[in-house]
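Here the structure comes first, spelled out in structure tokens, and everything after it is commentary.
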Amino acid sequence: MTDLADIASVGRDARRGGYSRHGFDRAEIELRQWFTEEATRRGLDVQPDRNGNLWAWWGKPGPGAVVTGSHLDSVPGGGAFDGPLGVVSALQAIDLLRAKNFSPVKSIALVVFVEEEGGRFGVACLGSRLMTGAISPEAACKLTDPDGVSFGEAAHKAGFDPLRMGRDDQALRSIGQFVELHVEQGRGLDVPVGLASSILAHGRWRFTFTGEGNHAGATLIEDRRDPMLPASQLVLAARRAATGGARATVGRIVPNPGGTNVIASSVDVWLDARAGDDARTREVVEAISKAAYAASVEEGCEVRVTEESYGDTVHFDSALRDEISGVLGGVPALPTGAGHDAGILAGHVPTAMLFVRNPTGVSHAPAEHAEPDDCAAGVVALASTLEHLAG
């Protein structure tokens, strides 16, 4: 909690509340510098990789290391724990191990992934997707933020060469096992610490509704082709389609040109959909898409659907999960509806996740919270895990 307090002033969002820290923006770069200083103060060797992720090494960099970490960016107006708790806990776990004179047999690395939330460039887990080849560097570097700045431009300004980005087999070989600690993002735990069993299949889709821009006062209702109407129908369709444990959310709508007394010429709507498996997730999106098309036709508008990112169901390494549970004396394992860098890595290296209890279940919002005693329990659990895996 002390380290979280040290960064509590960085990236405060006065309008939304909470924090807005995004890949390669001023707040995230300040946090990267903070991490570099904290890791260096602990005697760790900090090295950025070519995709913008930061690595801090205890021991010689090389294949088969035990790796932990998370991210420092946030959603717009996010909470203090999502991401930073995993980074802070990793640093403090090193402190605990050093205090007991532990000397790792395997090297230990702490990693901070860039743009995990996708809050600036629209694609989540961008750093880990680039590293694993889940997104091409060409596609990643063309992604733009709301101000029209591309990921490639932002990365170059931060000191990275977009031409060198892409799948990094050397970085992947360095990971023998990966364990990410994260605040749990629902109300799934009734004990301080648990483990993740799986991640729901999930993705993001952009619906662009196109109609006819016009005057709000001079245009008769029967003469309108207003794209805001089918856009609003999509929001309702998302709620209707989300049954049987599926989740469908519209969290962002952008009308163009966005004037109060203007009928929009186009409206962009972003859909987040998640379900227990690929087939069910696709079924939910198909139902919502059909409703969007029907509403567009009725209003005399057009709609274009673009899949911006997608990840199938992730099942974490069961042997590693059971091994960690044994080290911790037996802790519950639960599925999660939230995506993580650990989920991207799970298809390439043995991966596990530790969860710290969230007493309210609120996340991606300023009220996100974890109790100090539970956070401390998470640090102890992570330290014990690293000691076992690297000892």
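The ring pair (Phe, Tyr, Trp, His ring centres under 6.0 Å) search around His22 returns none, not counting sequence neighbours. In terms of the ring pair (Phe, Tyr, Trp, His ring centres under 6.0 Å) criterion, residue partners of Phe121 (sequence neighbours excluded) are, by chain and number, Phe151.
Ion pairing between a basic and an acidic side chain is recognised when a charged N comes within 4.0 Å of a carboxylate O; Arg16 and Asp13 show such pairing. Between Asp6 and Arg41, none of the side-chain N atoms (NZ, or NE/NH1/NH2) sits under 4.0 Å from a carboxylate O, so this pair counts as no salt bridge.
Residue Ile263 belongs to no hydrophobic cluster, having no ILVMFWY side-chain heavy atom closer than 4.5 Å to its own. Members clustered with Val262: none, using a 4.5 Å side-chain heavy-atom cutoff among hydrophobic residues. Applying the 4.5 Å side-chain rule to ILVMFWY residues, one finds that Val105 remains a lone member of its cluster.
The shortest side-chain heavy-atom distance between Val362 and His369 does not fall under the 4.5 Å cut-off.
The shortest heavy-atom contact between Ala241 and Val284 is O-CG2, 3.9 Å.
Side chain of Arg224 to main chain of Thr219: a donor-acceptor pair is present (N/O by atom type, distance under 3.5 Å, no hydrogens or angles). Between the side chain of Asn53 and the main chain of Val114, a donor-acceptor pair closer than 3.5 Å is present.
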Considering only distance and modelled atom types, tabulate donor-acceptor pairs under 3.5 Å from the side chains of residues 130-150, sequence neighbours left out.
from   : atom 1 : to     : atom 2 : distance (Å)
Thr132 : OG1    : Ser128 : O      : 2.9
Thr132 : OG1    : Arg129 : O      : 3.3
Ser136 : OG     : Ala139 : N      : 3.0
Asp145 : OD1    : Asp147 : N      : 2.9
Asp145 : OD1    : Gly148 : N      : 3.0
Asp145 : OD1    : Val149 : N      : 2.8
Asp145 : OD2    : Arg120 : NE     : 2.9
Asp145 : OD2    : Arg120 : NH2    : 3.0
Ser150 : OG     : Glu153 : N      : 3.0
Ser150 : OG     : Glu153 : OE1    : 3.4

